[in-house]
Amino acid sequence: MSIRVSLLLIACLFLQAQLHAQKFVANYDESKIPEFTLPNPLVTEAGEAVTTAKQWQETRRPEIVDLFQKHVYGRSPAACKISHKVVSTKDDAVSGKAIRREVDVFFGDTTDAHSMRLLIYTPKTDKPVAAFLGLNFQGNHSIESDPAISLGDRWVRDRRNETVKDNRATEKARGVASSRWPVEKIIDRGYGLVTIYYGDIDPDFDDGFKNGIHGAMADQTKDIPAAEKWGSIAAWSYGLSRALDYLENDAKVDGDRVAVFGHSRLGKTSLWAGASDERFKMVISNNSGCGGAALSRRAIGETVGRINTSFPHWFNANFKQYNQNENACPVDQHELIALIAPRAVYVASATGDQWADPKGELLAEIHAEPVFRLLGTDGFGVDGVATSKVAPDQPIKGGTIGYHLRTGGHDVTDFDWQQYLDFADRHLQ
Ligand code: GCU
């Protein structure tokens, strides 16, 4: 290498390091949003207009799934066989109204395979019930304070408080997330609730995809090109699909009536799970933002470049090409929502969560609506939904596409659950 080339290389590396070191400053000014054109979900990659449900289902839908696998979330292995073991049963949970079980589901047909623990609540009734399935952030023990729920022993993120010691949950973590999981209300409305600690499936840190099911299933993904391998969101979604495999054979839950639910990064996950697995009857995204319901091309609040830098393991390697270059990505998030059609989808935003771009989340649904209409649904159920017309705390929940902008911050509240339960009454009962 000549001296001149070496100097050039050093200068480039220096510049790159400088760019990295620069602190990300989020844009919140609508007038500074770059010009963009959204890809049309109803035009095939070959440029043909999609005018029938058959064309959507047979041509366009598989194309969009493939684009998301290739450019955003990564490709997951084929569904593995699962096995399970009941760990505990409590017949008088939730003031005697529910049965609560813990069931380990193994990613393989033997019980030495990697596992996740399902915490399952079902109302006391003879018939299988519709249920909500969602991942949780801090462990199953965090959703209710009952000490009979097993305390997870897997890696958890340090929260700089007494709920975590040496990256393991402590007794103090019991019930800490209960405000986000209104178990009794869900049971009273006749639904089951199934939750899993997301770290059981894949610990949420960048370790080069060695731990969790990434490592355990490395053999099944070895033929996938490196840049297209599954990221953590795809891995968590894969776990949700295997949980559904289990639920389809659980006598207390009706596997045909399962709503997949998630908040924030787990809302991104519920969308990808619902988009890639058509068995989920209903999909709920709570404050999912960038890489979830929000349009990437708006680049307002959290951007693709920022998310890929802070959380390099969430998406595949290809997605990094679109850092500060969102327009080049062949898909955008309205198409993720379109993949859920004709099934019911509910996106919730919060006024205090501009990082997640509430307006971009609603716009994604608006731009997905033509697909819902093509497939014979009523879309929002009302005409003329526009971002300028949606007032806080006024849910749109009468159609197949639901939306609300709650006042308050990035969280899951009783108000949110109230809407999800009402929406479920219309789509799952
Ligand atoms: C960060 C991240 C978001 C994510 C959120 C969460 O704020 O930037 O993309 O949704 O964490 O999952 O809590």
Side-chain angles (χ1 to χ4, degrees), residues 23-28 72-74 134-139 142-143 155-161 163-164 176-177 179-181 195-206 212 231-237 239-240 260-274 283-316 319-320 322-324 326 329 332-333 336-337 346-362 364 405-406 408-413 416:
K23 206 173 154 352
F24 172 79
V25 182
N27 170 45
Y28 289 110
V72 184
Y73 302 106
L135 301 178
N136 66 69
F137 281 91
Q138 282 180 266
S142 70
I143 81 154
W155 181 94
V156 288
R157 186 158 2 96
D158 187 15
R159 294 187 174 256
R160 300 203 181 99
N161 62 30
T163 64
V164 181
V176 286
S179 69
R180 290 183 172 180
W181 298 95
T195 187
I196 306 159
Y197 169 52
Y198 80 138
D200 273 6
I201 303 166
D202 189 37
D204 189 3
F205 63 90
D206 184 16
S232 291
I233 291 175
W236 298 324
S237 302
L240 286 166
V260 63
F261 155 84
H263 168 61
S264 209
R265 70 198 66 181
L266 300 178
K268 309 180 207 296
T269 304
S270 63
L271 286 171
W272 180 233
V283 182
I284 305 164
S285 143
N286 193 89
N287 306 178
S288 63
C290 182
L295 292 176
S296 299
R297 279 167 172 73
R298 280 170 49 80
I300 196 163
E302 185 172 32
T303 62
V304 170
R306 162 64 200 228
I307 206 166
N308 277 330
T309 308
S310 309
F311 308 100
H313 57 295
W314 285 2
F315 302 88
N316 70 9
F319 196 45
K320 318 291 184 279
Y322 308 111
N323 293 356
Q324 288 81 247
E326 297 85 356
C329 186
D332 209 322
Q333 302 305 108
L336 178 67
I337 292 169
Y346 199 110
V347 169
S349 312
T351 54
D353 189 20
Q354 295 299 319
W355 180 244
D357 186 19
K359 184 171 170 182
E361 295 190 309
L362 175 56
L405 171 65
R406 171 180 47 74
H410 184 73
D411 199 359
V412 192
T413 69
D416 296 322

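Start at 1 and go down the list; that is how both ligands and their atoms are numbered. Here, residue 1 is the first one in the sequence, and each next residue gets the next number.
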Output field: ring centroids Trp272/Phe315 closer than 6.0 Å = no
For atom 7 (O) of ligand 1, the protein heavy atom that lies nearest, with its residue and separation = Trp355 NE1, 3.3 Å
Interfacing atoms of ligand 1 (cut-off 4.0 Å, heavy-atom, His410) | 13 (O)
Quick one: nearest non-hydrogen protein atom to atom 11 (O) of ligand 1, plus distance?
-> Arg265 NH2, 3.0 Å
Heavy atoms of Lys268 and Gly291 approach each other most closely as CB-O, 3.6 Å
Numbered in order shown, the ligand 1 atoms found under 4.0 Å of a heavy atom of Ser264 are 4 (C), 5 (C), 6 (C), 10 (O), 12 (O), 13 (O)
N/O separation below 3.5 Å, Lys268 to ligand 1 = yes
Side chain to side chain donor-acceptor pair (under 3.5 Å) evaluation trace for Thr163 with Asn161 | CA-CA 6 Å; Thr163 64; Asn161 62 30; 2.5 Å; yes
If you measure from each non-hydrogen atom of Glu302 to ligand 1, which part falls under 4.0 Å: side chain, backbone, both or neither?
-> side chain
Taking the inter-plane angle between the rings of Phe24 and Trp355 on a 0 to 90° scale, is it parallel (under 30°), tilted (30 to 60°) or perpendicular (over 60°)?
-> perpendicular
Please state which part of Ile307 comes within less than 4.0 Å of ligand 1, counting heavy atoms only: side chain, backbone, both or neither.
-> side chain
Does the N or O separation between His263 and ligand 1 drop below 3.5 Å for any pair?
-> no
Output the distance between atom CD (Gln138) and atom CZ (Arg159), rounded to the nearest 0.5 Å.
-> 3.5 Å
If the plane angle is over 60° it's perpendicular, under 30° parallel, otherwise tilted; pick one for Phe137 and His263.
-> perpendicular
In Å, rounded to the nearest 0.5 Å, how long is the span from CH2 of Trp314 to CG of Asp204?
-> 6.0 Å
Close approach, Trp314 and ligand 1, non-hydrogen under 4.0 angstrom = yes
